[in-house]
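Pasting in a structure now, in structure tokens, and then I'll have a few things to ask.
We name chains A, B, ... by the order of the sequence lines, and we start the count at 1 in each one.
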Number of protein chains: 2
Amino acid sequence: MRSNVARKQQEPKSAASPTARAYRIEEQIGYLLRRAHQRASAIFQVTVGDPNITPTQYSSMVKLNEYTELSQNLLGRLVGMDKATMQGVVRRLKERRLVDSRPDPGDARRTLLSLTTEGQRLVNKLLINGPAVSRETLKPLNVQEQRHLIELLSKII
Amino acid sequence: MRSNVARKQQEPKSAASPTARAYRIEEQIGYLLRRAHQRASAIFQVTVGDPNITPTQYSSMVKLNEYTELSQNLLGRLVGMDKATMQGVVRRLKERRLVDSRPDPGDARRTLLSLTTEGQRLVNKLLINGPAVSRETLKPLNVQEQRHLIELLSKII
DNA sequence: ATGGCATCGTGCGTACACGAACAATATGGG
DNA sequence: CCCATATTGTTCGTGTACGCACGATGCCAT
């Protein structure tokens, strides 16, 4: 068990003027979001029940489970992924036979995606642990704070 | 100008039972953190003033500016990056002559990192825009909500 | 009907993110 | 002093994430 705190090697140069509020990277929203997202991903990985499924793969499969069949671009919009990113996610899911695709008969530009039987089985298993992932991630907060955080994050997206 | 909302192609299969609360991926903390982080990164990129500097490179340089000289591992702990990730970040900063390194005279395992003059000049320029990045990211919230979000995120890290 | 513009999926390049394995070095307890 | 254990930094593999450019296709207004 090692300390999570950095050994103090050196003092920071305090460039604080008396009036200006200090700019601390640890208090900036972007920094906090990066760290919080890291922690959430780590909790997902150990809690969801299958170490080979990533958060983005999971959300893609959950959406395909809801809609049955979706084009790749539309799926990307629904789960907030760039089409280039979506490409890689879908490729890996197809390689594992969790997702299948067929050309859209009504639009030759599109590929329709759907879960395989295997993919359905897996996502329904993972969905059981879904709430536990969120619960564990939000554990440091009380119920009211949890609701508030969800609400605030929804607002800034 | 195209709509950001997906065209409705198909209804989701409503699998809602009357009692159980629906599991919506859009309300899960991990999903929201991923989306919020995406947005924050995009705002950083267009607001910080140098499109070639990433958020992680920025936070590394800010920390090096505070401490003058740090080992790679310690810097990684201070900014919340894995040592393998840190490796790549530092390599790119060194390639651009923004960061310099020397062996630690007191510990042959360590490499001491510091900003070059060029790196100092750049980070001090970027620090001017730092507050604007955070301000823009938090724009959808009022001041009280902004403070609250920062506080809640700090708690779950 | 056709020409301009948007959309869809792909490929490439760059950058985080991290687990795992590794070699070199440091440290502390017996 | 010496050995078990820990730390530091590197490399490899896999997976997001996205900008850009491309070709194929669809759509719409003239």
Which comes earlier along DNA chain D counting from the 5' end, the contact point of A/M81 or that of B/T111, where each point is its nearest nucleotide? B/T111

How would you label the contact of B/R96 with the nucleic acid (heavy atoms, under 4.0 Å): base, sugar-phosphate, or nothing?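 B/R96: backbone/sugar contact only, no base atoms under 4.0 Å.
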
What integer distance in Å separates B/L75:CG from D/dT7:C1'? 16 Å

Please report, rounded to the nearest Å, how far the P atom of D/dT14 is from the CD1 atom of A/I53.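 From A/I53 CD1 to D/dT14 P: 16 Å.
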
Under 4.0 Å between any heavy atoms, over every strand shown, what does A/R34 touch: base, sugar-phosphate, or nothing? Just pick one.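 The answer is sugar-phosphate, as A/R34 gets under 4.0 Å only of primed atoms, P, OP1 or OP2.
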
Distance below 4.0 Å between B/Q57 side-chain N/O and C/dA15 OP1 or OP2: no

So what does B/D107 touch, heavy atoms closer than 4.0 Å: a base, only the sugar-phosphate, or nothing? sugar-phosphate

What is the distance from OH of A/Y58 to C1' of D/dT16, rounded to the nearest Å? 18 Å

Indicate, with a heavy-atom threshold strictly under 4.0 Å, whether A/A84 touches base, sugar-phosphate, or nothing. base

Verify the neighbour count for atom CZ of A/R91: are there more than 12 heavy atoms of other residues, nucleotides or ligands below 6.0 Å? yes

OP1 or OP2 of D/dT8 versus the side-chain N and O atoms of B/Q72: is any pair under 4.0 Å?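 For D/dT8, neither OP1 nor OP2 has a side-chain N or O of B/Q72 closer than 4.0 Å.
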
Without decimals, in angstroms, what is the distance between A/N73 CG and D/dC18 P? 14 Å

If I take atom CG in residue A/N52 and atom P in nucleotide D/dG13, what distance separates them, rounded to the nearest angstrom? 18 Å

Which part of the nucleic acid, if any, lies within contact of B/T85, taking any heavy atom under 4.0 Å across all strands shown: a base, the sugar-phosphate backbone alone, or nothing?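 Base: the residue B/T85, judged by heavy atoms under 4.0 Å, touches a nucleobase.
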
Between the base of D/dT8 and the side chain of B/R110, is there a donor-acceptor distance below 3.5 Å?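 Donor-acceptor pair under 3.5 Å: no.
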
N or O in side chain of A/R109 less than 4.0 angstrom from D/dC27 OP1/OP2: no

Does OP1 or OP2 of D/dT7 have a side-chain N or O of B/R77 closer than 4.0 Å?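 Answer is no, no contact under 4.0 Å.
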
Do the side chains of A/R24 and A/E27 get close enough for a salt bridge, i.e. N-O under 4.0 angstrom? yes

Is any side-chain heavy atom of B/P55 less than 4.5 Å from a side-chain heavy atom of A/Y31?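 Counting from C-beta outward, B/P55 and A/Y31 never come under 4.5 Å.
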
Atom NE2 of A/H37 to atom P of D/dG15: distance rounded to whole Å? 16 Å

Using heavy atoms to find the nearest nucleotide of DNA chain C for A/Q87 and A/Q45 separately, return the residue whose nucleotide is more 5′.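 Final value for this comparison: A/Q87.
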
For the side chain of B/R92, counting heavy atoms from C-beta on, which of C/dT10, C/dA21, C/dA15 is nearest? C/dA15

Atom CE of A/M86 to atom C1' of C/dT7: distance rounded to whole Å? 17 Å

Between A/S134 and B/Q28, does any side-chain donor sit less than 3.5 Å from a side-chain acceptor? yes

Within the structure, does a side-chain N or O atom of A/T54 lie under 4.0 Å from either OP1 or OP2 of D/dG15?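 Answer no for this pair, as no side-chain N or O of A/T54 is under 4.0 Å from OP1 or OP2.
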
Are the charged groups of A/E118 and A/R96 less than 4.0 angstrom apart, N to O?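 The answer is no: the pair does not qualify as a salt bridge.
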
In whole angstrom, give the distance that lies between atom CE of A/M61 and atom P of D/dT16.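 Result: 12 Å.
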
May I ask you to decide whether A/E136 forms a salt bridge with A/R39, counting only side-chain N to carboxylate O separations under 4.0 Å? no

Mapping B/G106 and A/K94 onto DNA chain C by nearest heavy atom, which one lands closer to the 5' end? A/K94

